[in-house]
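Presented below is the structure to which this report refers.
Being a predicted model, the structure only gives us computed values, none of them experimental. Only this structure's heavy atoms are used, side chains among them; waters, hydrogens and symmetry mates stay out.
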Amino acid sequence: MTEIPEHLRKRAEEAKAKAAAKKQGEQPAAEAAAGEGTTPTGDAGTVESATSGSKIPAHLLERSKAAKERAAGGGGGEATGGGGVVTAERPAGGAVATPGGPAPVAAGPAGHTQRLLTVVKAGSIQDVKAAPVDKVHTWPHLIVVEFVAALFMTAFLLVFSIFVNAPLLGLANYNLTPNPSKAPWYFLGLQELLAMFHPMVAGVTIPGMGIFLLILAPYMDRNPSNKPEDRKFAISVMTIHLMFWAVLVIIGSFFRGPGFNFVFPWEAGIFFDL
């Protein structure tokens with residue numbers, strides 16, 4: 001349950017107390033005004049005795065008597081059409097009672113009316129400290145780092161190519177097929193599958209299932225965290241994929257000899273060229 005702040009509770013109690021005090025002061029005035037219409041004008045003593053126990057201010061009683069005397073004398077001063085006009089000063093509280101009008105509204109300091117719109121928990125007002133976030137903008141934080149890394153790699157490859165020649169072989173002899181005939185290292189995993197399974201299974205089914213699993217991985221793991229310990233499923237799927245392909249490449253590179261037969265490199269040697 002929501003707790004009301006102490007200052008709002010005190011303000012509401014003060015407003016209720018003022019409204020109750022004004023209501024008690026207006027009821028005797030209304031009763032006196034109703035009694036004036038049925039009391040004979042000449043019987044002033046009866047009026048004084050009837051209102052002696054009430055809480056009507058003295059200046060209001062004096063003005064009421066003066067108005068009745070003017071009405072009885074033929075009308076004078078501010079009387080129009082034989083009737084008397086009674087005016088009262090505005091109370092200090094800011095609420096004015098008008099006969100037959102709407103109920104007075106409780107007012108605050110300087111006559112301003114106030115009302116409570118909502119109650120807010122104290123914690124939401126006092127807790128102004130922003131929660132730390134582990135995110136940064138792409139520019140300039142990420143782009144600058146990637147640009148510096150690209151410059152470094154470009155410089156490294158330029159210097160490396162000056163001192164180390166590319167491992168190019170001689171012209172191919174179409175009359176002499178090399179044995180073993182191996183694909184480039186990045187295709188040796190697929191060539192290893194072709195040596196084990198039917199071409200339809202090795203070239204379409206197994207690679208297609210692996211790619212389809214990688215496509216579904218973001219939809220199966222919807223964890224928005226960037227921390228590795230919170231993304232165990234995604235990391236496991238990618239690790240299995242990389243290890244599976246790396247093992248096939250290693251076998252095709254170092255454990256396949258003449259005729260693409262399985263050999264041990266420490267016995268038959270290494271049949272692998274970049």
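- To the nearest 0.5 Å, atoms CZ (F264) and CZ (F262) are separated by 5.0 Å.
- For the pair N261 (side chain) and R256 (backbone), a donor-acceptor distance under 3.5 Å is absent.
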Please set out all donor-acceptor pairs under 3.5 angstrom arising from side-chain atoms of residues 233-249, sequence neighbours excluded.
| residue | atom | partner | partner atom | Å |
| --- | --- | --- | --- | --- |
| S236 | OG | K232 | O | 2.6 |
| T239 | OG1 | I235 | O | 2.6 |

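- Taking all atoms of both residues into account, the shortest heavy-atom contact from P180 to G257 is CB-O, 3.1 Å.
- Taking NE2 from H141 and NE2 from H137, the interatomic distance works out to 7.5 Å, rounded to the nearest 0.5 Å.
- The shortest non-hydrogen separation linking P265 to I270 is CB-CG1, 4.0 Å.
- Under the 4.5 Å side-chain heavy-atom criterion for Ile, Leu, Val, Met, Phe, Trp and Tyr, I251 and F254 are members of the same hydrophobic cluster.
- Going from atom OG of S181 over to atom CZ of F260 covers 9.0 Å, rounded to the nearest 0.5 Å.
- In this structure, the side chain of D230 does not engage the main chain of S225 through any donor-acceptor pair within 3.5 Å.
- Taken from CD in E192 to NZ in K182, the straight-line distance is 9.0 Å, to the nearest 0.5 Å.
- Put simply, the side chain of D221 reaches to within 4.5 Å of the side chain of R231, judged on heavy atoms.
- Taking CD1 from I215 and CE from M220, the interatomic distance works out to 11.0 Å, rounded to the nearest 0.5 Å.
- A salt bridge links R9 to E6: at least one charged side-chain nitrogen sits closer than 4.0 Å to a carboxylate oxygen.
- The two residues V263 and A268 make their nearest non-hydrogen contact at CB-CB, 4.1 Å.
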Show which side-chain atoms of residues 195-207 pair as donor or acceptor with protein atoms under 3.5 Å away, not counting sequence neighbours.
| residue | atom | partner | partner atom | Å |
| --- | --- | --- | --- | --- |
| H198 | ND1 | M200 | N | 3.0 |
| T205 | OG1 | M200 | O | 3.4 |

Only distances under 3.5 Å count here; give the side-chain donor-acceptor pairs of residues 151-164 to other protein atoms, sequence neighbours excluded, each with its distance to 0.1 Å.
| residue | atom | partner | partner atom | Å |
| --- | --- | --- | --- | --- |
| T154 | OG1 | A150 | O | 2.8 |
| S161 | OG | L157 | O | 3.1 |
| S161 | OG | L158 | O | 2.8 |

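- The local environment of CG in N226 is sparse, with at most 12 non-hydrogen atoms from other residues, nucleotides or ligands closer than 6.0 Å.
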